[in-house]
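Presented below is the structure to which this report refers.
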Amino acid sequence: MKDTQSLTRLHSHMAALVVLEQIIDQRIKQLMDNAAHDPKVTALLEDLEKISSAHGQTLGARLHSVAPGVSLPEPLSATSPLEVFFDSARYPLSTGLLSLQTLFHQAVIGYSVLMVLARRAADSSVRGSDNTDDILLQHLRESAAAVQQIVRLLPGVVVAELEDEGQECQCTCPSCGVGICLCAVSTRRMLEIAWADAGAIYVPEGIVMVLPRSGSPAAQAGLRKGDIVLAVDDKIIESLPMLQETIRNHPTGENIRLLARRESGEQTEIVAKQP
């Protein structure tokens with residue numbers, strides 16, 4: 001029953017992402033005319049259209065192969081608040097790019113959720129080359145890159161809109177003060193600093209345990225939900241590949257020594273047998 005529910009959730013989320021990619025593709029096509037005067041934006045939109053179209057087709061084909069009975073949901077026709085609040089009629093290009101960036105960011109988050117679902121369902125590389133997880137990883141990377149590329153261009157697009165309206169730079173910083181406007185460049189730099197200051201999403205400080213699979217060697221050895229696995233065979237866990245490789249190198253029946261920190265702060269060694 002649980003396996004069926006897990007697959008149902010995976011496949012329904014895949015269907016939703018297929019529709020999201022279709023919405024992204026449509027939004028890009030709508031923006032093309034507004035970007036005709038800007039070769040950089042036009043080139044980016046052409047690249048993003050190819051990526052989004054390929055995402056929708058690839059994910060749709062995968063969904064059909066693993067769950068042919070799952071239908072796609074109807075796309076929502078709601079207008080983005082950005083397009084309402086930021087005067088899309090007057091500034092169609094910057095507002096459209098803001099909306100498009102939001103859609104790609106939704107895709108990034110959606111693919112990250114899908115990766116959890118696919119890996120939990122063993123629809124990953126452990127199954128072989130034909131799996132959903134590898135598709136999701138590529139789409140995640142390309143969607144994240146799309147977000148960055150749009151954000152990189154946006155400040156310049158806004159400056160161009162201001163220039164078209166005859167609004168000159170009023171900033172009195174040393175460079176702008178002599179006529180060398182840094183408003184777009186400095187904004188991109190501040191965005192880079194802000195993201196760096198926010199810190200990494202993955203921090204290699206041990207593996208926080210979720211509930212171990214029932215009957216697994218880790219569960220039998222006494223690992224608990226909330227434990228933090230700090231080291232394996234006296235090696236501090238510095239990366240996920242390092243952890244995987246160390247465990248993989250143990251032959252069947254051999255002990256794997258794990259150093260774990262309980263939620264109380266106490267450290268304990270737990271010995272699990274390689275299945």
Side-chain angles (χ1 to χ4, degrees), residues 10 13-14 16-17 20-21 24 44 47-48 51-52 55 59 82 97-98 100-126 131-155 184-213 218 223-249 256 258-267 270:
L10 169 62
H13 275 62
M14 288 173 67
L17 262 295
L20 177 58
E21 292 291 2
I24 291 173
L44 175 60
D47 289 342
L48 296 183
I51 291 170
S52 182
H55 285 184
L59 191 60
L82 295 173
L97 286 173
L98 278 166
L100 184 61
Q101 185 268 349
T102 301
L103 289 171
F104 269 113
H105 197 82
Q106 290 176 359
V108 170
I109 302 303
Y111 282 124
S112 69
V113 171
L114 268 176
M115 289 179 72
V116 174
L117 297 174
R119 292 177 179 189
R120 273 275 172 145
D123 192 359
S124 62
S125 57
V126 297
N131 68 82
T132 300
D133 187 59
D134 285 346
I135 294 172
L136 303 179
L137 179 57
Q138 179 180 349
H139 291 191
L140 174 67
R141 287 171 170 164
E142 292 175 342
S143 298
V147 171
Q148 293 282 58
Q149 290 170 315
I150 294 170
V151 172
R152 194 176 295 129
L153 284 181
L154 256 174
V185 176
S186 62
T187 298
R188 284 194 290 268
R189 176 58 179 156
M190 290 304 102
L191 281 167
E192 182 181 17
I193 292 173
W195 273 317
D197 288 346
I201 294 174
Y202 167 70
V203 180
E205 55 183 5
I207 308 299
V208 180
M209 286 294 298
V210 296
L211 188 65
R213 187 167 61 208
L223 269 179
R224 310 169 187 167
K225 182 177 181 178
D227 287 348
I228 299 178
V229 181
L230 303 171
V232 55
D233 296 337
D234 298 323
K235 300 175 184 176
I236 300 298
I237 297 173
E238 297 179 348
S239 69
L240 297 181
M242 171 265 183
L243 173 64
Q244 297 277 41
E245 182 180 0
T246 304
I247 293 176
R248 186 184 298 115
N249 287 339
I256 304 169
L258 305 169
L259 178 65
R261 185 170 67 233
R262 302 289 191 193
E263 291 183 292
S264 64
E266 174 192 3
Q267 291 190 7
I270 293 173

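Each residue takes its place number in the sequence, starting with 1. For the numbers below, each heavy atom of this structure counts, side chains included, while hydrogens, waters and symmetry mates do not. The structure displayed is predicted, hence computed values, not measured ones.
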A side-chain contact here means heavy atoms from C-beta on lying under 4.5 Å apart; do L230 and L258 qualify? no
N249: side-chain hydrogen bond (donor to acceptor under 3.5 Å, both in side chains) partners, not counting sequence neighbours: none
When rounded to the nearest 0.5 angstrom, what is the spacing between CD in Q148 and CD in Q101? 9.0 Å
Would you mind reporting whether R188 and L154 have side-chain heavy atoms less than 4.5 Å apart? no
So do T187 and M190 actually touch side chain to side chain, heavy atoms under 4.5 Å? no
So CD of E245 and CG of L240: to nearest 0.5 Å the spacing works out to 13.0 Å
Using a strict threshold of under 4.0 Å (side-chain N to carboxylate O), is an ion pair present between E192 and R189? yes
Heavy-atom pair of closest approach, residues M242 and K235: CE-CB, 3.3 Å
Over all atoms of both residues, closest heavy-atom pair of M14 and L59: O-CD2, 3.7 Å
Can you measure from CD1 (I247) to CG (L243) and round to the nearest 0.5 angstrom? 4.0 Å
Within 6.0 Å of CZ in R261, more than 12 heavy atoms from elsewhere: no
Give every residue pair that meets the salt bridge (charged side-chain N to carboxylate O under 4.0 Å, His left out) criterion with at least one member in residues 105-121, sequence neighbours excluded. R119-D133
Before accepting this row, confirm whether a basic side-chain N of the pair R262/D227 lies closer than 4.0 Å to the acidic partner's carboxylate O. yes
dist L44:CG -> L100:CG (nearest 0.5 Å) comes out at 8.0 Å
Side-chain donor/acceptor pairs under 3.5 Å, residues 103-117, sequence neighbours excluded:
unit_1: Y111; atom_1: OH; unit_2: E21; atom_2: OE2; d: 2.7
unit_1: Y111; atom_1: OH; unit_2: H139; atom_2: ND1; d: 3.2
unit_1: S112; atom_1: OG; unit_2: I109; atom_2: O; d: 2.6

Would you give the length of the straight line joining atom CZ of R213 to atom CG of L223, rounded to the nearest 0.5 angstrom? 13.5 Å
Where is the tightest heavy-atom contact between S143 and H55, given as atom of each residue plus distance? OG-CE1, 3.7 Å
Could you check whether any side-chain heavy atom of L259 comes within less than 4.5 Å of a side-chain heavy atom of V229, counting everything from C-beta outward? no
Starting at OG1 of T132, measure out to CG of L137 and round the result to the nearest 0.5 Å. 12.5 Å
Heavy-atom nearest pair, N131 first then S124, reads CB-O, 3.2 Å
Restricting to non-hydrogen atoms, name the atom on I24 and the atom on S52 that form the minimum distance, rounded to 0.1 Å. CG2-OG, 3.4 Å
